[in-house]
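Please read all numbers here as calculations on a predicted model, not as lab measurements.
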Amino acid sequence: MKTNLSSQITLKRIPTRYYRPENAYENSVLTRLEKISTDIYESIDGGSLAIAKEIAEGIRSKQKENQQYVLALPGGRSPLTVYKELIRMHKKEGLSFANVIVFVEYEFYPLVTASSGNLASLKDALLNHIDIKSEHINAPDGMMPKDAIINFCREYEKKIEEVGGIDYMLLGVGQNSNIMFNPSGTPLSARTRLVLLEGAARKEASRTFPSIDSVPAGVITMGISTMMNAKTLTLMAWGEEKADIVARTVEGKVTDAVPSSLLQNHLQAKLVIDLSAGYHLTRISNPWLVTSCEWDNKQIRRAIVWLCQLTGKPILKLTNKDYTDHGLGELLAIYESAYNVNIKIFNDIQHTITGWPGGKPNADDSNRPERAEPYPKRVIVFSPHPDDDVISMGGTFRRLCDQKHDVYVAYQTSGNIAVGDEEVVRYCEYLRDVSDKYSPEGSTIKEVAEDIIHYLTVEKIDKGQPERKDVLFMKGTIRREEARHGARHAGIKNDDHIRFLDLPFYETGTVKKNDLSEADVKIIMNLLQEVKPHQIFVAGDLADPHGTHKVCLDAALAAIDELKGEEWMKHCRIWMYRGAWAEWEMDHIEMAVPISPEELLLKRSSILKHQSQAESAPFLGDDERLFWQRAEDRNRATAELYKNLGLASYEAIEAFVQYKPL
């Protein structure tokens with residue numbers, strides 16, 4: 001069973017030689033704008049394996065010399081696949097960590113309990129599964145007295161020096177370029193110290209805590225000086241959400257405003273990234289600027305859209321001079337004139353637009369993104385959380401229902417941890433009051449409600465522990481009924497077309513989820529075999545490689561892969577939509593569904609049915625806008641791009657990319 005198919009989606013348009021040059025000359029040509037050695041792998045697994053092998057080689061080399069190997073390790077989600085590979089090497093290949101000394105790069109402060117800290121997470125992810133000596137594990141104490149912090153930081157740096165310095169430092173990078181928790185403006189001289197968590201850094205830290213409110217006030221972190229003194233530095237970055245900062249780190253100027261750019265001044269620093277994280281590097285995003293290109297329709301479309309944005313012209317006004325002045329003379333040689341390229345790409349983009357996302361019956365569909373027949377179609381919309389359907393494709397959802405297709409919606413997870421405690425208290429108080437009215441002698445429901453209210457308002461202290469099952473049930477029920485209401489508002493008439501899959505990987509009661517399993521995939525397979533859809537919509541978010549959307553996409557693609565030999569599946573089309581944060585770039589878009597002003601308001605109304613997520617949801621992320629605002633801004637921006645390219649002007653557009661089973 002293939003459970004990581006989403007990692008291969010970007011491979012369709014990126015030639016191997018762009019990220020794996022055939023020789024040293026080609027490498028120097030492709031990477032001439034890059035100021036740090038950067039290794040790009042097709043997937044997170046490939047990059048993680050390379051890092052793990054490098055660490056293992058260092059450990060074994062020191063073992064031969066009977067010396068200790070000093071590692072500095074981060075927490076968070078980025079290194080998890082590296083740690084899994086190191087554990088595998090220990091158990092399957094006999095890699096011993098007996099000579100390894102570990103320094104944990106940061107710890108949150110103050111901690112309510114040690115179990116909620118970074119060291120506890122690192123032990124769970126790696127240290128408890130290998131033969132490292134307990135006395136060789138060094139980490140800040142997140143519960144130390146405040147007056148002990150300064151002395152501890154001084155002693156931490158001294159201890160690193162006493163063991164001969166850090167041999168290998170593994171680093172992650174934040175979206176705001178922070179290294180460990182050193183924010184913009186951190187001086188080169190900064191060493192281990194207490195840093196207060198504010199703004200973006202606090203929101204980023206909230207990914208490892210139940211909510212932003214439970215994030216400690218500060219973090220004890222190694223400094224830039226500590227990093228620069230390490231003998232070898234490897235910075236890893238995975239997923240599209242890191243693409244911008246990777247480009248700034250590798251190709252931008254060295255500045256303390258971008259702490260990760262300081263790695264350019266280290267002689268033994270490098271980046272290990274996957275293709276998605278390398279998306280904005282010149283050799284991946286704009287290869288015509290550094291090498292001869294392998295032109296296909298998507299690459300040409302990407303180049304022309306880039307040229308339009310650079311010149312401020314619509315497609316049909318681009319001239320031969322525009323092409324030659326901006327490194328696209330190759331296209332003139334292939335197509336003989338700007339006009340020939342322009343009209344080809346204009347028509348290509350024009351044909352992505354359709355008001356019939358399920359296909360227009362009894363119409364010529366030769367230039368339409370969807371087939372006219374069969375009509376009506378059976379459609380399944382997979383939604384990772386109980387609101388992604390209406391946030392991401394609410395207009396298309398309604399259009400499919402209005403055009404009489406047989407639409408099912410399948411909510412893949414309960415989304416229960418994304419409901420705030422205060423929401424549960426509010427609903428339990430409602431249950432208690434209803435019980436008082438209609439069962440004045442007392443009832444089980446009233447007792448349960450009062451018990452939950454007391455627990456959440458009085459007893460609950462450590463928000464890092466798994467949630468109580470009765471509380472999870474209440475949170476899940478709140479989201480389930482909001483989803484049901486939102487789906488009905490979008491146009492579904494039959495309740496049996498609203499399915500709640502509650503995939504097991506999600507049901508841990510904590511931020512940390514289980515790995516995708518066969519049980520998750522089987523649930524989706526059963527639904528597909530029951531409905532035998534003609535169309536499937538899935539969330540194609542690739543930005544966060546460790547997030548729920550990615551796991552839900554992998555689950556759906558694994559189920560599709562298992563069933564692709566079925567006769568009905570051979571006639572099924574799979575469309576990927578994106579979430580509230582970003583849209584598909586123009587070179588990817590294969591179906592664009594215009595949304596009228598009235599339809600956009602109806603979409604907003606469907607989103608607002610999810611009241612628990614409206615303003616106080618624990619995982620709103622770095623963006624201050626509410627979900628409906630993000631969705632509308634994204635849809636309007638897509639429509640504006642189409643208009644600027646010289647196509648029709650719409651209020652908003654939802655965009656989709658077709659997935660073809662491998």
Side-chain angles (χ1 to χ4, degrees), residues 9-21 26 29-34 40 240 243-244 246-248 250-252 275-353 367 369 542 578 582-592 637-647 653 655-658:
I9 289 173
T10 56
L11 302 185
K12 292 182 180 179
R13 68 171 193 82
I14 303 175
T16 304
R17 71 177 182 88
Y18 291 176
Y19 59 92
R20 283 276 172 248
E26 186 67 16
V29 170
L30 282 165
T31 63
R32 64 179 183 268
L33 300 181
E34 298 175 14
I40 304 176
E240 287 182 7
D244 181 60
V246 164
R248 293 168 65 194
V250 174
E251 296 184 350
L275 269 172
S276 295
Y279 193 72
H280 291 166
L281 292 176
T282 301
R283 57 172 152 150
I284 304 298
S285 186
N286 308 115
W288 53 87
L289 296 177
V290 291
T291 188
S292 59
C293 286
E294 298 178 24
W295 294 106
D296 59 15
N297 283 343
K298 287 188 176 182
Q299 188 76 285
I300 296 171
R301 198 201 292 187
R302 180 172 186 80
I304 301 315
V305 171
W306 170 81
L307 186 58
C308 288
Q309 293 174 324
L310 195 65
T311 61
K313 294 181 177 181
I315 295 172
L316 297 179
K317 288 189 176 182
L318 293 173
T319 65
N320 286 4
K321 187 175 186 299
D322 292 325
Y323 281 80
T324 56
D325 285 353
H326 297 97
L328 291 173
E330 276 187 339
L331 289 176
L332 296 183
I334 296 170
Y335 290 95
E336 298 182 350
S337 72
Y339 174 80
N340 290 339
V341 187
N342 294 348
I343 199 68
K344 170 184 168 55
I345 297 304
F346 181 87
N347 287 335
D348 184 32
I349 296 176
Q350 177 72 46
H351 293 155
T352 66
I353 303 172
N367 286 318
L542 308 174
R578 307 220 74 173
E583 187 56 275
W584 295 109
E585 291 191 294
M586 182 59 75
D587 49 315
H588 285 296
I589 296 173
E590 293 170 282
M591 181 164 68
T638 304
E640 184 71 11
L641 176 56
Y642 270 78
K643 185 187 79 170
N644 292 340
L645 292 175
L647 291 105
I653 288 177
F656 302 86
V657 170
Q658 187 178 358

What pairs with [X] under side-chain contact (heavy atoms from CB on, under 4.5 Å), at least two apart in sequence or on another chain?
{"X": "A639", "result": "Y650, I653"}
{"X": "N367", "result": "H351"}
{"X": "P369", "result": "T354, W575, M591"}

For the [atom1] atom of [X] and the [atom2] atom of [Y], what is their distance to the nearest 0.5 Å?
{"X": "L332", "Y": "K321", "atom1": "CG", "atom2": "NZ", "value": "12.5 Å"}
{"X": "L318", "Y": "L310", "atom1": "CG", "atom2": "CG", "value": "10.0 Å"}
{"X": "R302", "Y": "N286", "atom1": "CZ", "atom2": "CG", "value": "6.0 Å"}
{"X": "L328", "Y": "C293", "atom1": "CG", "atom2": "SG", "value": "8.0 Å"}
{"X": "I343", "Y": "I315", "atom1": "CD1", "atom2": "CD1", "value": "9.5 Å"}
{"X": "E294", "Y": "I14", "atom1": "CD", "atom2": "CD1", "value": "12.0 Å"}

Pairing residues for E34 by the salt bridge (charged side-chain N to carboxylate O under 4.0 Å, His left out) criterion, not counting sequence neighbours: R283
Salt bridge (charged side-chain N to carboxylate O under 4.0 Å, His left out) against R20, all qualifying residues, sequence neighbours excluded: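 Expected list: none.
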Looking at [X] and [Y], what are the two nearest heavy atoms and their distance?
{"X": "M586", "Y": "L641", "value": "CE-CD2, 3.5 Å"}
{"X": "P314", "Y": "C308", "value": "C-SG, 3.9 Å"}
{"X": "Y323", "Y": "A338", "value": "CE1-CB, 3.6 Å"}
{"X": "V341", "Y": "Y335", "value": "CG2-CB, 3.5 Å"}
{"X": "I589", "Y": "T352", "value": "O-CG2, 3.5 Å"}

Selection residues 305-317 - residue pairs positive for side chain to side chain donor-acceptor pair (under 3.5 Å), sequence neighbours left out: K313-D322
Heavy-atom donor-acceptor pair, E583 side chain to T638 backbone, under 3.5 Å: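 No; judged by distance alone, with no hydrogens or angles, the pair does not exist.
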Identify, with sequence neighbours excluded, every residue that meets side chain to side chain donor-acceptor pair (under 3.5 Å) alongside [X].
{"X": "T282", "answer": "E251"}
{"X": "N320", "answer": "none"}
{"X": "T16", "answer": "none"}

Could you check if a side-chain atom of [X] sits within less than 4.5 angstrom of a side-chain atom of [Y], using non-hydrogen atoms only?
{"X": "Y19", "Y": "L281", "result": "no"}
{"X": "Y279", "Y": "D244", "result": "no"}
{"X": "E590", "Y": "W584", "result": "no"}

Pairs satisfying salt bridge (Lys or Arg N to Asp or Glu O under 4.0 Å), at least one member in residues 326-339, at least two apart: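 Matches after skipping sequence neighbours: none remain.
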Pairs touching residues 338-352 that satisfy salt bridge (Lys or Arg N to Asp or Glu O under 4.0 Å), sequence neighbours left out: R301-D348
Candidate list V305, I304, L316, test side chain to side chain contact (heavy atoms under 4.5 Å, CB included), partner L645, passing option: V305
Ring pair (Phe, Tyr, Trp, His ring centres under 6.0 Å) against F656, all qualifying residues, sequence neighbours excluded: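 Scan of F656 (ring pair (Phe, Tyr, Trp, His ring centres under 6.0 Å), adjacent residues dropped) gives F537.
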side-chain contact (heavy atoms from CB on, under 4.5 Å) between W288 and L331, intermediate numbers included: CA-CA 10 Å; W288 53 87; L331 289 176; over 6 Å; no
